[in-house]
Amino acid sequence: MLKRTHTCGQLRLSDAGKKVILAGWAHSYRDHGNLVFIDLRDKEGLTQLVFNPVTQPNVHKLAKTVRCEWVIAARGMIQPRSEGMENPKLPTGQIEVSVQQLEILNPSKTPPFEIDSAEKTSEELRLTARYIDLRRPKMYQKLRVRHRVAKIVRDYFDRLGFLEIETPFLAKSTPEGARDFLVPSRLHENCFYALPQSPQLFKQILMVGGVDKYFQIVRCFRDEDPRADRQAEFTQVDVEMSFVDSNDVIGVHENLIAKIWKQILDVDVKAPMRRLSYKEAMADYGTDRPDLRFDMKLKEISDIAKKSSFNVFTSAVEKGALVKGLCAPGEKYSRSDIENTLTAFVADYGAKGLAWTKVKKQDEKLSLAGGTAKFFSPDLQKKIIERFEAKDGDMILLVADKEKNANKALTPLRCKLAKDLKLYDQNCFEFVWVVDFPLFEANEDEKRYDSLHHPFTAPTQEDLDKLETDPANVCSQAYDIVVNGCEIGGGSIRIHDPKVQQKLFDLLNISKKQARRQFGFFLKALEYGAPPHGGIAIGLDRLIMLLTGTDNIRDVIAFPKTQRGQCLLTDAPSEVDAGQLEELNLRTQRHLHAIEQKKDDQK
RNA sequence: GGGGCCGUAGCUCAAUUGGAUAGAGCAUCGGACUGUCGAUCCGAAGGUUGAGGGUUCAAGUCCCUUCGGCCUCGCCA
């Protein structure tokens with residue numbers, strides 16, 4: 001076998017005269033009857049091979065048989081291309097290899113799609129023939145960024161004295177949070193492992209174990225419906241540290257993020273980063289993961305709206321709902337755009353309606369015109385205009401609903417408008433830490449509290465007493481890192497006092513018995529000198545999505561799954577032999593039906 | 001579990017809105033060609049219109065069921 005001496009992306013004019021061997025895939029071939037050209041491709045680039053029938057008749061003959069995606073190796077001499085024959089589109093376009101020996105390492109069937117038109121090919125086919133898709137330079141680039149980020153992460157934590165420690169994948173199921181993937185135990189009948197949703201308890205126990213500084217680039221599993229930015233299995237940069245407060249954890253990670261952005265994109269990220277309290281974020285942006293690339297803050301105008309003559313608003317405010325909205329440059333939107341497109345848009349998020357009005361300048365004075373304007377007196381109109389700091393030509397869009405519902409509709413609306421109106425630079429990154437989360441959110445259906453993050457998040461020292469008196473207003477020591485409206489990580493200082501942890505379980509309506517059964521091992525660990533500790537988990541897939549500019553998580557995973565959790569390449573999940581089930585003491589519904597059928601037949 | 005979009009040749013799409021033998025570009029195969037680089041030119045082959053059922057004189061087109069892909073609501077401590 002010819003062994004390569006160079007890659008297909010590195011040869012330049014200065015290499016002219018060198019004897020080289022290249023290996024790769026035939027990207028394209030151009031047969032002129034006499035001269036034959038083959039563009040040879042490997043992960044580094046393309047280099048043109050030229051076959052001359054006069055000087056190398058046998059090699060030329062063989063070259064004529066080569067087809068796209070055949071794997072070949074070629075030995076030859078680098079020669080400068082003659083004048084006018086250079087290809088400025090290729091970094092190697094100044095030279096070509098005049099081939100003296102050609103070896104066909106492996107022919108290929110005609111590929112199911114052409115590499116050059118993969119962008120236009122259905123993702124379904126690309127996933128089915130992933131090995132073809134991965135040959136594309138763009139795909140390789142994304143894998144490379146992923147690798148480089150992982151390397152930066154490992155080097156960074158290593159230098160700071162962190163240990164990367166593996167935690168079990170065959171773990172204990174806990175009912176909270178997402179649905180677990182279960183793995184049946186062969187040795188323990190009727191028992192199951194769960195694949196970890198995160199190594200949360202293990203990393204905390206590592207802190208009790210004195211490890212002090214832990215990190216892991218680790219796969220996590222959550223059996224929930226996928227989305228464009230969500231897969232059932234995904235990767236986290238998982239971190240835990242002892243003897244720290246929130247600021248320590250935040251500091252370490254904003255430096256890491258800055259380092260990654262600098263090394264991958266050559267972008268300077270300011271550290272320390274901005275911080276927003278949960279309250280501010282919810283009030284101004286309607287979400288705990290605000291997109292700060294543009295302003296367009298949400299404003300509540302319940303106080304003004306309740307004085308209007310618009311029944312929808314007045315009755316809503318009376319019922320304890322609020323009127324909230326935003327103000328956007330409105331020239332681009334016609335009345336029907338608003339009443340059809342935008343109203344339908346917010347309806348998808350549960351909004352019952354979208355009230356609108358436009359801001360007009362007349363005689364140097366701003367007033368409202370159109371839509372709901374008629375329900376507001378000039379005085380109220382003035383107040384609305386002031387509240388939104390509205391300008392001539394703006395449109396004001398309002399939703400009247402319970403706070404939660406209004407926010408749920410307005411947040412995506414705000415993002416959609418900003419995108420449509422191009423209110424921000426696509427290439428900028430606005431990082432923000434969202435802090436001061438409440439510890440709980442009320443679960444109205446089941447009349448109890450739910451953890452906003454998870455039940456191991458510590459309340460602030462000041463609010464410890466409120467756990468007894470006023471749980472709804474207890475603030476937690478949690479923090480989320482958000483960029484461009486995307487949550488890329490979150491964590492908290494944890495509870496290290498078993499009594500506080502028990503109190504939390506009580507408030508979450510987890511009985512002592514249940515707590516002991518599910519978390520007993522953990523509560524016990526806390527009783528043996530658990531240090532104060534805290535940590536964070538950063539979503540690696542989303543990080544890579546941001547760094548590579550894709551909004552499809554499957555693009556940054558070598559072998560991703562579809563919306564229905566299938567791997568089109570391997571056809572997982574698939575049925576298994578009855579014998580395998582037997583060994584695991586499992587019966588599927590179909591299995592049981594078959595057994596019943598057999599019994600009936602015997603009768 | 002709900003909503004939306006999609007499925008026609010290996011690939012990307014078309015088919016005058018229910019009408020005749022389902023077309024085109026690329027790819028493939030054969031031929032021609034001395035410098036191309038999305039080579040060009042000539043020719044050929046290529047179809048269970050995702051699957052099943054229905055309406056109709058007639059279905060790629062309309063209806064029902066089903067499979068698959070994508071987006072999304074719910075869900076994702």
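Proteins get letters first, then strands, A, B, ... in listed order; numbering begins at 1 in each. The structure displayed is predicted, hence computed values, not measured ones.
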Could you state the CD-C1' distance from A:Q197 to B:rC76, rounded to the nearest angstrom?
9 Å

Measuring only the P atom in each nucleotide, how far is B:rA15 from B:rG50? A whole number of Å is fine.
15 Å

Counting distance alone, no hydrogens or angles: does the base of B:rU36 have a donor or acceptor under 3.5 Å from a partner atom on the side chain of A:Q48?
yes

Classify the side chain of A:R227 versus the base of B:rG74 as yes if they form a donor-acceptor pair under 3.5 Å and no if they do not.
yes

Rounded to whole angstrom, note down the P distance from B:rG23 over to B:rU16.
13 Å

Under a 3.5 Å cut-off for both contacts, is B:rG7 paired Watson-Crick or G-U wobble with anything, and if yes, with which nucleotide?
B:rC67

Is a donor-acceptor contact shorter than 3.5 angstrom present between the side chain of A:E124 and the base of B:rG7?
no

Can you find an N or O donor on one side and an acceptor on the other, under 3.5 Å apart, linking the side chain of A:D225 with the base of B:rG74?
yes

Identify whether a stacking contact exists between A:F113 and B:rC11, where the ring centres must be under 5.5 Å apart and the planes under 30° apart.
no

Salt-bridge present (A:E69, A:K109; N to O < 4.0 Å):
no

Below 4.0 Å: OP1/OP2 of B:rG38 and any side-chain N or O of A:K89:
yes

Report yes if the distance between the aromatic ring centroids of A:F519 and A:F456 is under 6.0 Å, otherwise no.
yes

Which base, if any, makes a Watson-Crick or G-U wobble pair with B:rG47, both distances under 3.5 Å?
none

Stacking between A:H32 and B:rG35, defined as ring centres under 5.5 angstrom apart with planes under 30°, is that present or not?
no

Distance between the C1' atoms of B:rG53 and B:rC11, in whole angstroms?
31 Å

What is the base-pairing partner of B:rU21, counting Watson-Crick and G-U wobble geometry with both distances under 3.5 Å?
none

Ignoring hydrogens and geometry beyond distance, is the side chain of A:R230 in donor-acceptor contact with the base of B:rC76 at under 3.5 Å?
yes

Is a salt bridge present between A:D348 and A:K408, judged by a nitrogen-to-oxygen distance below 4.0 Å?
no

Taking any heavy-atom pair under 4.0 Å as a contact, classify A:R81: base, sugar-phosphate, or nothing.
base

Hey, do the aromatic rings of A:F221 and A:F169 have their centres closer than 6.0 Å?
yes

